[in-house]
Structures are given as C-alpha cells and as structure tokens.
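Proteins get letters first, then strands, A, B, ... in listed order; numbering begins at 1 in each.
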2 protein chains.
Amino acid sequence: MARPTIADIADKAGVSKGAVSFALNGRPGVSDATRARILQIAEQMSWRPHSAARALGASRVDSVGLVIARPARTLGVEPFFAHLLSGLQSGLSAHSISLQLLIVENTEAEIEVYRRWASEHRVDGVILVDLTVRDPRIDALKELELPAVVIGGRGGKGALASVWADDRDAMLSIVEYLAALGHRRIAHVAGTPNFQHTQRRIRAVRDAAPRLGLVDAPSLTTDFSDAEGAATTRKLLSQADRPTAIVYDSDVMAVAGLGVAMEMGVAVPGELSIVAFDDSILTQLMHPALTAMSRDTFDFGRQAAEVLLEVIATPTAVINRRTADPVLTVRESTAPPAH
Amino acid sequence: MARPTIADIADKAGVSKGAVSFALNGRPGVSDATRARILQIAEQMSWRPHSAARALGASRVDSVGLVIARPARTLGVEPFFAHLLSGLQSGLSAHSISLQLLIVENTEAEIEVYRRWASEHRVDGVILVDLTVRDPRIDALKELELPAVVIGGRGGKGALASVWADDRDAMLSIVEYLAALGHRRIAHVAGTPNFQHTQRRIRAVRDAAPRLGLVDAPSLTTDFSDAEGAATTRKLLSQADRPTAIVYDSDVMAVAGLGVAMEMGVAVPGELSIVAFDDSILTQLMHPALTAMSRDTFDFGRQAAEVLLEVIATPTAVINRRTADPVLTVRESTAPPAH
DNA sequence: CAAGGAAGCTAAACCGATTTAGCATCCTTC
DNA sequence: GAAGGATGCTAAATCGGTTTAGCTTCCTTG
C-alpha cells in the first residue's frame, strides 16, 4: 500500500477511524490493549499523518514562520541568522514543527506576509526579529491574532512574548573593561537608530560615561553596513582628539573599521582598541583577532522556539524569558591606550 | 465575517461552491460575467484560500523544501546560502509557493527529512545542494518519487533536473589568468573531495597545467573550514619552492589563507597572489581586497525555483539548465610574481 | 424540427484527518 | 436490583476546498 490512511489502519485493526485517531494522538477513549494494537499496526504500515488533513481537522498546521526584513546582501555575512535558525529548529524539531523562512526587503512586505500567512492558515505563529522603537508589526500581529515571540527586546506594554538578553549590561561591561584598561576617549559606532537594542546600547554608553570619567563617548548611528561602518571610523580617526577605543555594534562593521585603521596607519591595538558587539568566525579570521561580545545565538533560537510553542498552546500566556548574559571574549584587538 | 469560505461567496453570489471554485482558479465552467462577479465578491470579502483545505483537495501543498546539511557554524559566514535563498524565493513567490528550510548535521538526517516530508505531504518538491560523487540522496528521492532539482552539478544519468554553472571553465579561466601574469607555481586549496564540483575543479587544474607550462599545480583537499584552509596554506608556504599563487575553493578559506600569509610575512600580492572561488562581502572587506570568481547566486536560486516548478508540473520532464558563466573580479590580491 | 453537442451550472462525493453525539457494556453503590 | 456513572467504542458530522457526474438550456445543423 502506497500511503496508508487511518481508514486503512481502522480496517486492519477492525475498529473505527475515530478509535484510531484517539489511539494515535494519545487521547483517552480506547483501552490500553486496543491502543497498543493500533499503534503497532500503524508502525508496521509506516503510517504518517497527512499534514494537510490534520491541519484541516485540527486547525493547526504544525508550522511556524520567520520573516527577515533585510536586504539579502547584508544577510549572508552575519552568522547571527544561521545560528538563530539552527537553534530555532532544534527547539521545534522536538515537536515535529516545521519552519517557514522568508526574506523580504522591508517591514511593509513583512507585514504583508503575516497577513497572508494568517489568512491562508499557513503558520501557527511567528518569530519577530529586529524590533524597532514603535514597531508597526506588533499591532499588525495583534490584529491578526497571530501568536508571536519577539527575539531580543522585551515585548513591553503591548505584551508579546519575548526572549531577550541584557544589552545594557553587556554594553556596560564593554565600556567598563575599556575604562579599566585606561581608555578615556571611547567612541561607539552604533547600528540603525530605530532598533530598540541600538537605543539601549546608546543609553548604556551615555549613562556610564560620567561614572567612568570618560572625556568623550559619542555614539554614531549607521545602517549596519560595512560601508557606513568604514566611513564613520574614518571620520572618528580624522579628528584631532581621536578616540583610543571604538565599540562597534556588529562584527561586520568592526571588521570594516579595522580595515580603515590599517589603511590610515593607526595601529591596532597599539593606538586604537576595537571591540565588536556580536561574535563570529569573522572576528576570529582577522589579524589582529577582534575582542568581541559573544551571545549564545543558538540558545536564543532554541528558547524562542520553546516560548513560541507555549504561546501557541496558551495564547493568553505572557512570557518574557531572559537568556544567558553575553560574555566578552578578549582577543588581540584591545590593549591599554598609548600615552 | 471573520474568515470567509467559498461557501460564503457562493451564497452571496447565488451560485454553487463548485462554480466559485472554477471561477477562482481560472478554469472553464463558468461564464465570463459570472466569473467576474464571483471574483469581485471574493475580493470584496477579502477571501484567501485555506492552504490546508486546498492541499487536501488538490493534493499539492504549494510549498517546496530546502535542506542544508552542514554544521551551523560554517554556514553563517557564507553569503552563498543567503543569496540562494533570496533567489529561490523570488522565483517561488511569483507563484505563491512557500519555502521550508531545514539545517541538519549530515546527509542521513537530510534523507530522513525527505522521507518525512514525503509521507506527510509537506512539500511538493525539494532543492538539492552540495551534490557528492555517488550521492545517496538521488536514489532516496527517486524512491520517494519526490520531484527535485539539483543545484550546481548535472543530475547525470539518474536524471534529476538540475541548474548548473560551468565550474570547469571558471577554474580554467582563473588558472589561465594567473599563468598569463607569469605564475608557474600555482597551488589549489580545494574543498571536500567528495563534492562533485570539487572534483571538477581539481580536474580542470590538472588538465590545464601542462598546456600552460606550470611547474607544479597541486590540489590539496580540505573540509572547507577556515582552520583547514589556514593549515594547508601554512604547509604550502613552508615549502622550499613555495607557490607564487594560491587558488582557494571558497572565500572563507581564502581569507584564512591571507591571514596566514600576513602572519608568515609573505606579502600579498607581492610574493603571493590569492584568488577566491566564490565572492562575497568578505573578500571585499580584506586588505588587500581579494580577486574572486563571482557567480550570480541569486540568479542561480531563481532559476532553480523555475525548474523545480516545471518538474513538479511535469514529473517526466528532464531539465538541465545552464546558468550564466561565473566571472573573475580582479581586485588587489593578484599581481605578477616576484622574480 | 428532431438530433446532437456545447456551455453553464448544481449537487454530491471526496481528500484524510479530528471531534462530537450517542450507544452498549460493565462496575459501583445504596 | 435499579439507578448512576465510567469505560470503550461506533457512526456521523466537520474542516474548506476540488472534482466529477449529471442536468438544463440554448445553439447548431442537416
């Protein structure tokens, strides 16, 4: 038999379709003996549920979605998403839930996808990344009644479930480390200003500055691209009182910044210390290898998957799970400043 | 009304469900006037097909799958997959087909996924990457009768559909370029030996060597990791008669190789020319920027999507589509050899 | 003008599961 | 020993579409 259905199993076991369904789903309604017999027959016929049939009957599709709204060009280099994906999957596969992935150009397109997914019942829930300050996606998802979990940023008042790490603490520990080395002029090359985590990091730097006796601690925003990372670095290093340390909001920008420093004859770490927020192979391939703040992105994904499944099961649940704190991996790009 | 069904539309239009189905799917059986009226009502009620219901009735799920069997760690850095994904999606979204993505550890797990997808009817077809020499996935897919398209490597006798670029020609043009610069000792740091494209590239180098008067043209295989790329480079550069040019099978290995050269005080491109097979931001971030063979990976994906849809529509079709030839982008890492 | 065929539509079956209502049967329990 | 309740199961409805068989009309055509 090609692809057996529960009707085939019911025939063979001499029971009704309903009984088979109960048995296969571990619900009460059949005796242990019957259940065992049915399970054995199903196993032997190598029966697998037809996902569409199950979705139609149970109105749940065992599939969740992830939409990434970034130009493809910038995506590839960042190990962030690859690790996040693997983590998500490790959390989902335990429950045989599959993942739909979509890369789109902008937030409007992303919301359009949610709208389609919701109306076509293609996913049971979604994972949100890159939360912005007044994020329009939150209201859209509320309206669609689509369960969701936010990665890296507390859902806040609106109360979507979330999985987050403490950006503020992480940034503070970077700045404190640099200050302890003796740096007093520290610059921060930040990401897109409308991202929530960018805001949190900028605020952390600003708040820490007086306490640590920093002479100057400017945060300059960029679009996260290598080009703007390089341009901003060039500007910073051309100043009369140039910084002795720069913190970058991404590994790609840090690498670009290192390139600019080399080009301008500024020795790293002799004359300039560099720290990257977010770690990857990239930072390790460099010479000097970059000191970086590493998050356990895989675990991030795994936890996000778990939380999302809980939210799908209990839509009223409000879960804000905090993950392990990022840790600073010190490599060769940081040292005390030259006098 | 929350989520209208075709029954609602049928009511409103005063026709039967069947007529609505015909109208919405552009099939004959209704008059143009009725069709227009139905479409207008559907539009106005903002009706969207329920994917599970459609899948159940039409036994097609409008979804295709991509499984990548590589450790997540190595995945992130390679823009290859991000671009491929975007390309795939641009080819699929035109037909409202969605994409399932899965990252697994090895080929056995990958085949297991195909088995599950087939039995649960989760996808209409799959895309295969990283074809190996005697690839077990081909037979598995044949047995499952799951439509598939192979990316980067002709399906060959077994005759899965495929989309491929000419690796051999590409490699030949690299070697010819280096030879024209005056290089006679060219080394090739290759990828995993069981990949078909690795084999083709090695063969290309070997075949070209005598014709171009190369003194030595060893191909050394690796596991595609930065670590082995670095180790192999170190070995090559420690030889008495070290090569004056090295061709790497991936951008990541080329970058790692560049690092080793700098470390060992070998000037690039003064004493050593470096060429990367596969281009990305990575090669451009380096100093010196790396000369690289660029493929239009996005287009690769787009074409693969098209071919797969054709194969799904006509399972007997045998399509082997050749994409645009890769082009060599010359940057700063190649120059005539020092005397 | 009767036969034949196409166009336009309806009614009902169907896809493969879940879920609900209901029916025996057996075990309590007073 | 009759009422009451749990247990184990069946039959049928249901999810939202697609598809097939068949029934009217109306138009040809000889």
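- In the model, A/Asn194 has no side-chain atom that pairs as donor or acceptor with a side-chain atom of A/Thr132 under 3.5 Å.
- Between the side chain of B/Ser119 and the backbone N or O of B/Arg115 there is at least one donor-acceptor pair closer than 3.5 Å.
- An angle of 40°, rounded to 10°, separates the two end axes of the helix from C/dC1-D/dG30 to C/dC30-D/dG1, each defined over five pairs.
- Contact of the A/Leu99 side chain with the A/Val64 side chain is registered, since non-hydrogen atoms from C-beta on lie closer than 4.5 Å.
- Annotation: ring pair (Phe, Tyr, Trp, His ring centres under 6.0 Å) contacts involving residues 41-60 of chain B, sequence neighbours excluded, comprise A/His121-B/His50.
- Using a 4.5 Å cut-off on side-chain heavy atoms (C-beta onward), A/Arg116 and A/Arg122 make no contact.
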When you compare the protein's N or O atoms with those of nucleotides 6-11 of chain D, which come within less than 3.5 Å of each other, and at what distance?
residue: D/dC9; atom: OP1; partner: A/Thr34; partner atom: OG1; Å: 2.6
residue: D/dC9; atom: OP2; partner: A/Ser31; partner atom: N; Å: 2.6
residue: D/dC9; atom: OP2; partner: A/Ser31; partner atom: OG; Å: 3.4
residue: D/dC9; atom: OP2; partner: A/Thr34; partner atom: OG1; Å: 3.3
residue: D/dT10; atom: OP1; partner: A/Ser16; partner atom: N; Å: 3.4
residue: D/dT10; atom: OP2; partner: A/Ser16; partner atom: N; Å: 2.7
residue: D/dT10; atom: OP2; partner: A/Ser16; partner atom: OG; Å: 2.9

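- No donor-acceptor pair under 3.5 Å is formed between the side chain of A/Ser21 and the backbone N or O of A/Lys17.
- With contacts defined as side-chain heavy-atom distances shorter than 4.5 Å, the pair B/Phe81/B/Val129 qualifies.
- Per the geometry, CD1 belonging to B/Ile9 stands 10 Å off P belonging to D/dT18, to the nearest Å.
- Under a 4.0 Å N-O distance rule, the pair A/Arg302/A/Asp299 qualifies as a salt bridge.
- Nucleic acid contact class of A/Arg27 (heavy atoms, under 4.0 Å, all strands): sugar-phosphate only.
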Between A/Gln100 and B/Ser98, is a side chain to side chain donor-acceptor pair (under 3.5 Å) present by the stated rule, with each step listed?
CA-CA 7 Å; A/Gln100 303 257 136; B/Ser98 65; 3.1 Å; yes
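- For the pair A/Ile6 CD1 and D/dT14 C1', the computed distance is 13 Å after rounding to whole Å.
- Heavy-atom distances under 4.0 Å link DNA chain C to A/Trp47, A/Arg48, A/Pro49, A/His50, A/Ala53, A/Arg54 of residues 47-54 of chain A, given in residue order.
- With hydrogens and angles left out, the side-chain atoms of B/Arg54 and B/Asn25 include a donor and acceptor closer than 3.5 Å.
- Counting heavy-atom neighbours within 6.0 Å of B/Gln44 CD, excluding the residue itself, gives a total above 12.
- In this structure the side chain of A/Val67 reaches within 4.5 angstrom of the side chain of A/Trp117, judged on heavy atoms.
- Here chain B contacts DNA chain C (any atom closer than 4.0 Å to a heavy atom, that is under 4.0 Å), and the contacts span C/dG8 to C/dG16 from 5' to 3'.
- Computed from coordinates, the A/Arg122 CZ to D/dG16 P distance equals 16 Å when rounded to whole Å.
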Check: residues 310-317 of chain A side-chain donor-acceptor pairs under 3.5 Å, at least two apart:
residue: A/Glu310; atom: OE2; partner: A/Arg321; partner atom: NH2; Å: 3.3

